K.L.:
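Starting off with a structure, shown below.
Here is how names work: the chains are called A, B, and so on, in the same order as the sequence lines, proteins then strands, and each is numbered from 1. Note that the structure is a prediction, hence the values are computed from the model and not measured.
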Protein chains: 2
Amino acid sequence: MAIGEFELIDRYFNRPLASSSHGVALGIGDDAAILDVPPGKQLVAALDTLVEGRHFLPGTSARSLGHRALAVNLSDLAAMGADPAWFLLALTMSQADDIFLTPFSEGMLQLAAEHHMALVGGDTTAGPLTVSVQVLGTVPRGAALTRSGAAPGDLLFVSGHPGDAAAGLELERGGNDADESTAAAQLRQRFLFPEPRVALGRALRGLASACIDVSDGLAGDAGKLAAASGCGVRMETDELPLSSALQAVVGLEKARYLALTGGDDYELCFTVPAHHLAEMGSRLTNVKCEVKCIGVMEAGAGVSVFSCGKQLKINAQGFDHFSARP
Amino acid sequence: MAIGEFELIDRYFNRPLASSSHGVALGIGDDAAILDVPPGKQLVAALDTLVEGRHFLPGTSARSLGHRALAVNLSDLAAMGADPAWFLLALTMSQADDIFLTPFSEGMLQLAAEHHMALVGGDTTAGPLTVSVQVLGTVPRGAALTRSGAAPGDLLFVSGHPGDAAAGLELERGGNDADESTAAAQLRQRFLFPEPRVALGRALRGLASACIDVSDGLAGDAGKLAAASGCGVRMETDELPLSSALQAVVGLEKARYLALTGGDDYELCFTVPAHHLAEMGSRLTNVKCEVKCIGVMEAGAGVSVFSCGKQLKINAQGFDHFSARP
């Protein structure tokens, strides 16, 4: 039943590199990987962990878990405007079995192939199910997006449909009482298989003044961007790009609440100076991802949320990993 | 009691960079770090995970855990002959408390400072205690050591005193019946605070034909080096550099057994062609780490172990993470 670490990596993860993977001088199988960062590029590095019972439900789809563990890290690269290049995997699980590892590795490696990434190292250990992924990307020197470049007057945008993933998670938790509608299936899909906005982040290089990925709730993450940039942010709930699926399943009021505070969206929230709007519109015609203006940066500090010109009180704190999850 | 992720990183881990840290264009606090790999250098990346109950005993010293989690990764860089540069930390723990985090972060950051490394990113999550560290280093282009360059006739070396750490772990497990001698304390120290052989690895660039770090037992790891190099290896137990502490605590026979099969040494095992021996001797006068010739590479395959000219039968398999630990 149990198989060895080396056999495990070889059997499930040691696929031939995608033809467009590049810069791998030495991949899996030695003490470390040796990688070539192209001249003129900076290295971009991020790491995120998914823990059973915390970031995914016990019994969750292994294919989704493999996908999400890489996707949440790719989302960090997207927020920096970086090009994904390589990743390493730390996989801790109670036992190595084919029923888990086949769909898990397929979910992960399919997403990796879509983004021309190579798995170059990792570590498998026995223990409670935990997946840590480290991604490495590159960006032209000085071109990375950060959280800290926004200025008062810059317009605030978000990609896709925030709130869908949080509703999808609620549906996943519903178990037997689950809503079987098409809309519900769409929301579940958005939670289980988020699409990191890598192409969008790349297109925003040189245009966006600041960018963050929405993992802990849109209002909280916009607040982090504002704080890092030393300004405030005003958001308009009437402008939120709510999906019809979300409104159909939870209604308008809860849809707005989930869009502002729900986690797991992995959309990009970014700011653009007005004089870059035309260029952005032109560049985004080639990116399969809608973006919507939902507010504006202003002098001062903090997040204010308005509806029909009236300010709302809302809990705008990000999801805090050591607080209870709602 | 519980504190937030951002506060946690800031309070315990966000120290000013060591003055000699370099190449950090953007550190902790954004979606990812931005790093500058110097021209002419390749990137070297490794990742290792420690899980409670598997790689360390419940209730183990938090300072040791912080040290070891980084040390085992630095050992991978050492085995490649790489210069450590940056690291990222994925810390999963049931709750964030000061009693754990203060010594844990001190143990980790002190070792990082000794090696001029900067912590540039990470993720803290709630869950069973698991520590994943990703290290990034650099090496002059083409100069990395690998496992695969050894040839028949090359001499086999090991650094330090293999077996000490395995004996130290046994003593740690002993609990109340523990041996309180000075020798026992030395062995425990070797398990709790291994010293990654970074300076040795660097000195071996251009001299060693192959190198591996000894994490799973010397005989097994020498076997992996031999297999990667397409040859066999002959080891002489009479030449093993057994420490006097190890022999005092467990006796000669068990000392040899632990030196060949015990894990957690984090010494370097490497091969050197005869024509490089003089140069190696000269370079190692500046490295505070003894090395000892313990065998020779030979044509064929596999590991053979000799004592007084007679071949021994020994279980030379590496520690397999999905087999029961002895």
K.L.:
Which answer fits Val44(A), side chain, backbone, both or neither, if we ask what part of it has an atom under 4.5 Å from a heavy atom of chain B?
P.N.:
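Val44(A) touches chain B through backbone and side-chain heavy atoms alike.
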K.L.:
Quick one: what part of Ala45(A) sits under 4.5 Å from any heavy atom of chain B, side chain, backbone, both or neither?
P.N.:
both
K.L.:
What part of Leu50(A) gets within 4.5 angstrom of chain B, counting heavy atoms only: side chain, backbone, both, or neither?
P.N.:
neither
K.L.:
If you count heavy-atom pairs under 4.5 Å between each of Gly121(B), Gly137(B), Ala90(B) and chain A, which one has the most?
P.N.:
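With the most close heavy-atom pairs to chain A, the winner is Ala90(B).
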K.L.:
Checking Asp213(B) against Arg197(B) for the salt bridge (charged side-chain N to carboxylate O under 4.0 Å, His left out) test, could you report, in this order, the C-alpha distance in whole Å, the side-chain angles of both residues, the deciding distance, and whether it holds?
P.N.:
CA-CA 9 Å; Asp213(B) 81 316; Arg197(B) 304 304 188 183; over 6 Å; no
K.L.:
Top residue by heavy-atom pair count (under 4.5 Å) with chain A, among Asp31(B), Thr138(B), Val51(B)?
P.N.:
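Of the options given, most contacts go to Asp31(B).
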K.L.:
Report the C-alpha distance between Arg68(A) and Asp48(A) in whole Å, list the side-chain angles of each, state the deciding distance to 0.1 Å, and finish with yes or no for salt bridge (charged side-chain N to carboxylate O under 4.0 Å, His left out).
P.N.:
CA-CA 10 Å; Arg68(A) 287 184 73 225; Asp48(A) 261 316; over 6 Å; no
K.L.:
Working to the nearest 0.5 Å, report the span between CZ of Phe87(A) and CE of Met108(A).
P.N.:
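Phe87(A) CZ to Met108(A) CE: 6.0 Å, rounded to 0.5 Å.
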K.L.:
Flag the pair Asp36(A) and Lys41(B) as a salt bridge only when some basic side-chain nitrogen lies within less than 4.0 angstrom of an acidic carboxylate oxygen.
P.N.:
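Lys41(B) and Asp36(A): not salt-bridged.
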K.L.:
Top residue by heavy-atom pair count (under 4.5 Å) with chain A, among Val37(B), Ile212(B), Thr130(B)?
P.N.:
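Winner by heavy-atom pair count: Ile212(B).
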K.L.:
When you compare the side chains of Ser209(A) and Thr271(A), does any donor N or O come within less than 3.5 Å of an acceptor on the partner?
P.N.:
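Present: a donor and an acceptor within the cut-off.
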K.L.:
Checking side-chain polar atoms at under 3.5 Å, does Thr125(A) have a donor or acceptor matched by the opposite partner on Thr49(B)?
P.N.:
no
K.L.:
Heavy-atom cut-off 4.5 Å, strictly under: side chain, backbone, both or neither for Leu26(B) against chain A?
P.N.:
side chain
K.L.:
Take the angle between the ring planes of Phe270(B) and Phe157(B) and call it parallel below 30°, perpendicular above 60°, tilted in between.
P.N.:
parallel
K.L.:
Taking side chain to side chain contact (heavy atoms under 4.5 Å, CB included) as the criterion, tell me which of Leu268(B), Asp265(B), Val214(B), Val303(B) meets it with Asp221(B).
P.N.:
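With Asp221(B) as partner, side chain to side chain contact (heavy atoms under 4.5 Å, CB included) holds for just one option, Val214(B).
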K.L.:
Step by step, work out the salt bridge (charged side-chain N to carboxylate O under 4.0 Å, His left out) result for Lys224(B) and Asp30(A).
P.N.:
CA-CA 9 Å; Lys224(B) 287 178 205 160; Asp30(A) 214 297; over 6 Å; no
K.L.:
Can you tell which of Leu225(A), Leu77(A), Thr92(A) has the highest number of heavy-atom pairs within less than 4.5 Å of chain B?
P.N.:
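Of the candidates given, the most pairs with chain B belong to Thr92(A).
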K.L.:
Tell me every residue that passes side chain to side chain contact (heavy atoms under 4.5 Å, CB included) with Thr60(A), counting only those two or more places apart in sequence or in another chain.
P.N.:
Phe56(A), Leu65(A), Leu192(A)
K.L.:
So if I take each residue of residues 139-146 of chain B and look for any heavy atom under 4.5 Å from a heavy atom in chain A, which residues do I end up with?
P.N.:
Arg141(B), Ala144(B), Thr146(B)
